[in-house]
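Lettering follows sequence order; numbering is per chain, from 1. The basis for the numbers below is simple: all heavy atoms, side chains too, and nothing from hydrogens, waters or symmetry mates.
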Amino acid sequence: MRAAAIADAVIAWFGEYARELPWREQGFPAWGILVSEVMLQQTQVARVVPRLAEWLDRWPTPAALAAEPPGEAVRMWHRLGYPRRALNLHAAAVVITERHGGEVPSDVEQLLALPGVGDYTARAVASFAFGERHPVVDTNVRRVIARAVAGLAEAGPPRIRADLEAMERLLPTDRRQAQLTNAGVMELGAIVCTARAPRCDGCPINALCAWRAAGYPAYDGPRARGQARFEGSDRQVRGLVMAELRASDIPVTRTELERAWPDAEQLTRAIDTLVRDGLAVSEGDAYRLP
DNA sequence: GATGCGTGGGT
DNA sequence: TACCCAAGCAT
């Protein structure tokens, strides 16, 4: 069967060429897996590795993190981006401590209920930390399936149900083999079947690839939405404000923030949304981490 | 279902 | 150099 051939080839390749990453070490805790998966949401592996080590060194358990103010999580986040993830991780640590006896749950439904844990992260933790048999679908997996199975150059817009079903069809029955298939297909998409310049010569499934067999046709389907320009955006201003708050032990005044971004109207909008998101707290005419 | 959300690496 | 893209999530 074609799906079995793909899984077998990917598993064999993964065993030989997988990168040595902290969260793949024997005995790496479920808490560490959860933290790594949240850090990896839209953030490259190379930037995550050092921050993950610092984080787990300071907070080796969910209870340790839950005992501190959420602002400390935001500060430890440094410049990983999307700092609401740090807030989510802190809130998740509180839930895990109060409702799950301090242990990261292995059940997908319970994982999905944690703040900042969505369809990808819940199944990644269930599969990688606990060996549960669930399809894990991220941007890499979607691209590999689009090419190898559907014969398309790109995956197009995400469709959760269909994407999960497509990966499910590739998963072997055995739990361990399913886990290795999840990790292997992701890894293949990350370092071989890349978005820009795929390294098809080194691909373990190039002989099975529908896109290759079709002669690498160009993509003509619907495009995933592109990102808005960053320079001059509210996101940039929010980032600058957060950098100021992280760097200070005392509240930062509005006047000091205006030095970082002179446009008063845009600065106000950034501050207001940060306060609404719980990433900043107002204290008189100044602001600090929560 | 479309948008907003940080920061930086790769080409 | 600009631009695309990155182990997504919440609303």
Rounded to whole Å, please give me the gap between CG in Asp163(A) and C1' in dA7(C). 15 Å
For Arg133(A) and Thr173(A), test the side chains for any donor-to-acceptor distance below 3.5 angstrom and give the result as yes or no. no
May I ask you to verify if any side-chain N or O of Arg196(A) is less than 4.0 angstrom from the OP1 or OP2 atom of dC3(C)? no
In this structure, how many angstroms lie between the P atom of dG8(C) and the CG atom of Leu40(A), rounded? 8 Å
By side chain to side chain contact (heavy atoms under 4.5 Å, CB included), Arg51(A) pairs with (sequence neighbours left out) Met39(A), Glu54(A), His78(A), Leu80(A)
For Trp77(A) and Leu89(A), what are the C-alpha separation, side-chain angles and deciding distance, and is it a side chain to side chain contact (heavy atoms under 4.5 Å, CB included)? CA-CA 10 Å; Trp77(A) 203 252; Leu89(A) 214 33; 4.0 Å; yes
For Glu72(A) and Trp59(A), does a side-chain donor sit closer than 3.5 Å to a side-chain acceptor? no
Atom-pair distance (CD on Gln41(A); P on dA7(C)), nearest Å: 12 Å
OP1 or OP2 of dG8(C) sitting under 4.0 Å from any side-chain N/O of Thr121(A)? no
For DNA chain B, which nucleotides open and close the run of contacts to chain A, 5' to 3', at under 4.0 angstrom from a non-hydrogen atom? dT3(B) to dT11(B)
Round to the nearest Å and state the distance from Tyr120(A) atom OH to dC9(C) atom P. 8 Å
Ring centroid separation Trp211(A) to Tyr216(A) under 6.0 Å: yes
OP1 or OP2 of dG8(C) under 4.0 Å from side-chain N/O of Gln42(A): yes
Which whole-number value in Å describes the distance from Leu89(A) CG to dG8(C) P? 16 Å
Separation of dC4(C) atom C1' from Asn140(A) atom CG, nearest Å, is 15 Å
Give Arg84(A) one of three labels, base, sugar-phosphate or nothing, depending on what nucleic acid heavy atoms sit under 4.0 Å from its own. base
Pair Thr273(A)-Arg238(A), side-chain donor/acceptor within less than 3.5 Å: yes
